[in-house]
Asks: 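My structure is below; once you've seen it, I'll send some questions.
The structure displayed is predicted, hence computed values, not measured ones. In what follows, chains are A, B, ... by sequence order, proteins preceding strands, each numbered from 1.
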Protein chains: 2
Amino acid sequence: MRKLDHVDKQILQILQEDGRRPYTEIAHQLGLSEGTIRSRITRLLQDGVFQFVIHPDPEKLGLHVQAIIGLTTKLGSQNSVAEELSKFPEVRFVGAFSGKHDLIIQACFHNNDELITFVNERLSQIEGIAAADVSLELKQYKDSFSFVRDDEVPIQ
Amino acid sequence: MRKLDHVDKQILQILQEDGRRPYTEIAHQLGLSEGTIRSRITRLLQDGVFQFVIHPDPEKLGLHVQAIIGLTTKLGSQNSVAEELSKFPEVRFVGAFSGKHDLIIQACFHNNDELITFVNERLSQIEGIAAADVSLELKQYKDSFSFVRDDEVPIQ
DNA sequence: AACGATTTTTTCGAATTTCGTAAAAAACTG
DNA sequence: CAGTTTTTTACGAAATTCGAAAAAATCGTT
């Protein structure tokens with residue numbers, strides 16, 4: 001996989017703001033031809049650098065309750081627990097971490113009942129979870145995939 | 001804002017998988033006309049139900065270090081701290097929470113140095129942060145905005 | 001059930017975008 | 001610097017999107 005250059009990052013930055021901006025417009029904006037933008041985007045997709053998706057507003061979908069849950073797993077079951085958790089549609093993020101919790105997940109629910117049911121019935125049925133530390137989201141300030149920056153990648 | 005119906009959710013589910021699928025194809029897939037898909041998507045966008053974005057792979061962008069940081073703020077400064085943090089491009093998530101930490105953020109860095117600099121120099125300069133509890137991501141299992149489900153919204 | 005009003009869906013030609021591909025240009029290599 | 005590879009451009013054909021009007025469906029009222 002070739003290293004991303006300035007043009008690639010500019011394309012990503014534009015698509016970050018509007019994932020459906022036409023190649024022709026991006027081309028015009030960057031002073032390149034449509035074909036160039038197209039071939040670059042095709043390559044970026046092929047290299048798995050990004051995907052076209054949508055960002056729904058959970059509130060508008062009726063998912064009024066969001067939570068971050070820190071999990072402590074029994075030694076040796078971290079991986080299987082993480083994979084099990086990843087299958088749930090209400091779980092949007094699962095990661096293994098160093099620090100207080102072995103796993104940290106983020107999940108969305110319609111209401112508190114659904115969250116309680118998830119913790120008490122779903123989580124308890126997964127073998128290997130020792131403890132769950134639930135933090136309820138009170139207000140969301142920022143939530144995005146917008147981490148494309150055009151600054152220099154540090155020399156390793 | 002009208003309530004989302006089954007067709008809206010189906011459209012969102014399709015776009016979740018491929019944010020660039022043409023209206024014509026969605027229409028064909030759902031047995032509706034292109035115009036219907038177009039007007040529904042236009043309305044959903046106008047109502048702020050979702051946005052077209054891209055999901056970059058942080059690793060492919062050279063962002064090899066991700067962290068979740070739980071913050072304790074001084075009484076009264078939670079909001080200003082959150083807003084300040086939201087301005088950082090490396091910070092992709094900021095939320096106020098009940099539980100152990102007042103704020104929880106998620107951020108991406110090129111390397112450990114960048115993370116250390118962020119914690120020691122950026123965070124320390126923000127007025128109102130009492131403590132920061134850093135968890136380093138060791139492995140990512142799931143990360144998506146795919147929380148559109150087509151099950152029943154519970155009766156409140 | 002019938003009515004008008006409103007909203008949603010369909011239709012269709014025009015404008016725009018995307019696609020396939022070949023040629024040109026540029027960049028890289030030894 | 002000639003040869004090779006990669007990238008960009010160009011352009012006609014195919015597909016998609018767009019604008020707007022007609023048709024259909026939905027809704028509230030009687």
Side-chain angles (χ1 to χ4, degrees), chain A residues 1-57 59-62 145 148-153 155-156, chain B residues 1-57 59-62 145 148-153 155-156:
Chain A
M1 199 194 93
R2 224 185 85 279
K3 200 180 159 307
L4 305 195
D5 68 7
H6 183 63
V7 173
D8 291 324
K9 292 194 182 159
Q10 279 184 304
I11 292 173
L12 292 175
Q13 279 179 333
I14 290 168
L15 289 175
Q16 222 161 228
E17 284 168 29
D18 173 9
R20 273 216 162 190
R21 181 147 326 157
Y23 301 158
T24 48
E25 277 185 40
I26 300 171
H28 185 258
Q29 197 171 340
L30 301 183
L32 295 164
S33 73
E34 176 271 331
T36 300
I37 304 304
R38 176 153 46 103
S39 72
R40 279 178 177 257
I41 286 179
T42 304
R43 187 162 42 80
L44 291 168
L45 287 170
Q46 219 137 28
D47 291 347
V49 175
F50 80 100
Q51 283 177 258
F52 287 109
V53 295
I54 60 171
H55 182 175
D57 179 340
E59 285 289 338
K60 300 276 168 71
L61 298 177
F145 283 138
V148 180
R149 279 172 282 158
D150 199 7
D151 36 33
E152 239 10 79
V153 176
I155 327 101
Q156 50 271 9
Chain B
M1 199 194 93
R2 222 184 88 278
K3 200 178 159 309
L4 306 195
D5 67 6
H6 183 63
V7 173
D8 291 324
K9 292 193 180 160
Q10 279 185 304
I11 292 173
L12 292 176
Q13 279 180 332
I14 290 168
L15 290 175
Q16 221 161 226
E17 283 168 29
D18 173 10
R20 273 218 163 186
R21 180 144 328 158
Y23 301 159
T24 48
E25 276 185 39
I26 301 172
H28 184 258
Q29 196 171 340
L30 301 183
L32 295 164
S33 74
E34 175 271 331
T36 300
I37 304 303
R38 176 153 46 103
S39 71
R40 278 177 178 256
I41 286 179
T42 304
R43 186 161 44 77
L44 290 168
L45 287 170
Q46 221 139 27
D47 291 348
V49 174
F50 81 100
Q51 282 176 259
F52 287 109
V53 294
I54 60 172
H55 182 174
D57 179 339
E59 284 291 337
K60 300 277 168 72
L61 297 178
F145 284 138
V148 179
R149 280 173 281 158
D150 200 8
D151 37 31
E152 241 10 80
V153 175
I155 325 102
Q156 46 272 13

Asks: If the helix axis at each end comes from five base pairs, how far does the helix from C:dA1-D:dT30 to C:dG30-D:dC1 deviate from straight, to 10°?
Replies: 50°

Asks: Taking ring-ring contact (aromatic ring centres under 6.0 Å, His included) as the test, write out the residues that go with B:Tyr23, two or more places apart.
Replies: none

Asks: Each nucleotide in nucleotides 25-30 of chain C should get exactly one letter: B, S or -. Can you fill that in based on protein heavy atoms under 4.0 Å?
Replies: ------

Asks: Can you name the residues that form a side-chain contact (heavy atoms from CB on, under 4.5 Å) with B:Gln10, not counting sequence neighbours?
Replies: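 So B:Gln10 forms a side-chain contact (heavy atoms from CB on, under 4.5 Å) with B:His6, B:Leu30, B:Asp150.
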
Asks: Identify all side-chain donor-acceptor contacts of residues 38-45 of chain A below 3.5 Å with residues at least two apart in sequence or on another chain.
Replies:
{"unit_1": "A:Arg38", "atom_1": "NE", "unit_2": "A:Glu34", "atom_2": "OE2", "d": "2.6"}
{"unit_1": "A:Arg38", "atom_1": "NH2", "unit_2": "A:Glu34", "atom_2": "OE1", "d": "3.2"}
{"unit_1": "A:Ser39", "atom_1": "OG", "unit_2": "A:Gly35", "atom_2": "O", "d": "3.4"}
{"unit_1": "A:Ser39", "atom_1": "OG", "unit_2": "A:Thr36", "atom_2": "O", "d": "3.1"}
{"unit_1": "A:Arg40", "atom_1": "NH1", "unit_2": "A:Asp5", "atom_2": "OD1", "d": "2.8"}
{"unit_1": "A:Arg40", "atom_1": "NH1", "unit_2": "A:Asp5", "atom_2": "OD2", "d": "3.1"}
{"unit_1": "A:Arg40", "atom_1": "NH1", "unit_2": "A:Asp8", "atom_2": "OD1", "d": "2.9"}
{"unit_1": "A:Arg40", "atom_1": "NH2", "unit_2": "A:Asp5", "atom_2": "OD2", "d": "3.0"}
{"unit_1": "A:Thr42", "atom_1": "OG1", "unit_2": "A:Arg38", "atom_2": "O", "d": "2.7"}

Asks: So which protein nitrogen or oxygen atoms get under 3.5 Å of nucleotides 10-17 of chain C's nitrogens or oxygens?
Replies:
{"unit_1": "C:dT10", "atom_1": "OP2", "unit_2": "B:Ser33", "atom_2": "N", "d": "3.0"}
{"unit_1": "C:dT10", "atom_1": "OP2", "unit_2": "B:Ser33", "atom_2": "OG", "d": "3.0"}
{"unit_1": "C:dT10", "atom_1": "OP2", "unit_2": "B:Thr36", "atom_2": "OG1", "d": "2.3"}
{"unit_1": "C:dT17", "atom_1": "O5'", "unit_2": "A:Thr24", "atom_2": "OG1", "d": "3.4"}

Asks: Once rounded to the nearest 0.5 Å, what's the spacing between atom CD of B:Gln51 and atom CZ of A:Arg20?
Replies: 14.0 Å

Asks: How far apart are the closest heavy atoms of B:Gly48 and A:Asp57, and which atoms are they?
Replies: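 Reported closest heavy-atom pair: O-CB, 3.5 Å.
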
Asks: Quick one: which protein N/O atoms are closer than 3.5 Å to N/O atoms of nucleotides 21-27 of chain D? Pair and distance per line, please.
Replies:
none

Asks: Closest heavy-atom contact between B:Ile54 and A:Val53?
Replies: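 Looking at all heavy atoms of both residues, the shortest contact is C-CG2, 4.0 Å.
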
Asks: Whole angstrom is fine here: how far is it from CD1 in B:Ile26 over to P in C:dT9?
Replies: 14 Å

Asks: How far does CG of A:Leu61 sit from NZ of B:Lys9, to the nearest 0.5 angstrom?
Replies: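 NZ of B:Lys9 is found 7.5 Å from CG of A:Leu61.
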
Asks: Sequence neighbours left out, what passes side chain to side chain donor-acceptor pair (under 3.5 Å) with B:Arg21? Give chain and number order.
Replies: B:Gln29

Asks: How far apart are the C-alpha atoms of B:Val49 and B:Met1, what are their side-chain angles, what is the distance that settles it, and do they pass the side-chain contact (heavy atoms from CB on, under 4.5 Å) test?
Replies: CA-CA 10 Å; B:Val49 174; B:Met1 199 194 93; 4.1 Å; yes

Asks: Would one find a side-chain N or O of A:Arg2 under 4.0 angstrom from OP1 or OP2 of D:dT7?
Replies: yes

Asks: Got a sec, which pairs hit ring-ring contact (aromatic ring centres under 6.0 Å, His included) with one end in residues 24-56 of chain B, sequence neighbours left out?
Replies: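 Every pair satisfying ring-ring contact (aromatic ring centres under 6.0 Å, His included) with a residue in residues 24-56 of chain B: A:Phe145-B:His55, B:Phe50-B:Phe52.
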
Asks: Taking CZ from B:Arg20 and C1' from D:dT17, how many angstroms apart are they, rounded to a whole number?
Replies: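 About 13 Å, once rounded to whole Å.
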
Asks: Which is true for B:Arg43 with a 4.0 Å heavy-atom rule: it touches a base, it touches only sugar-phosphate, or it touches nothing?
Replies: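 Here B:Arg43 touches no strand at all.
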
Asks: Are side-chain heavy atoms of A:Ile26 and A:Leu15 found at a separation under 4.5 Å?
Replies: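 The answer is yes, as the side chains (C-beta and beyond) meet within the 4.5 Å cut-off.
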
Asks: Can you name the side chain to side chain donor-acceptor pair (under 3.5 Å) partners of B:Glu59, sequence neighbours left out?
Replies: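 Counting only residues at least two positions away or on another chain, B:Glu59 forms a side chain to side chain donor-acceptor pair (under 3.5 Å) with B:His64.
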
Asks: How many whole angstroms separate atom CZ of B:Arg40 from atom C1' of D:dC18?
Replies: 19 Å

Asks: Over how many whole Å does the gap from B:Ile11 atom CD1 to C:dT8 atom P extend?
Replies: 13 Å

Asks: D:dT8 P sits how many Å from A:His6 NE2, rounded?
Replies: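 Answer to the nearest Å: 13 Å.
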
Asks: Whole angstrom is fine here: how far is it from CG in B:Leu30 over to P in C:dT9?
Replies: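 The answer, rounded to whole Å, is 12 Å.
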
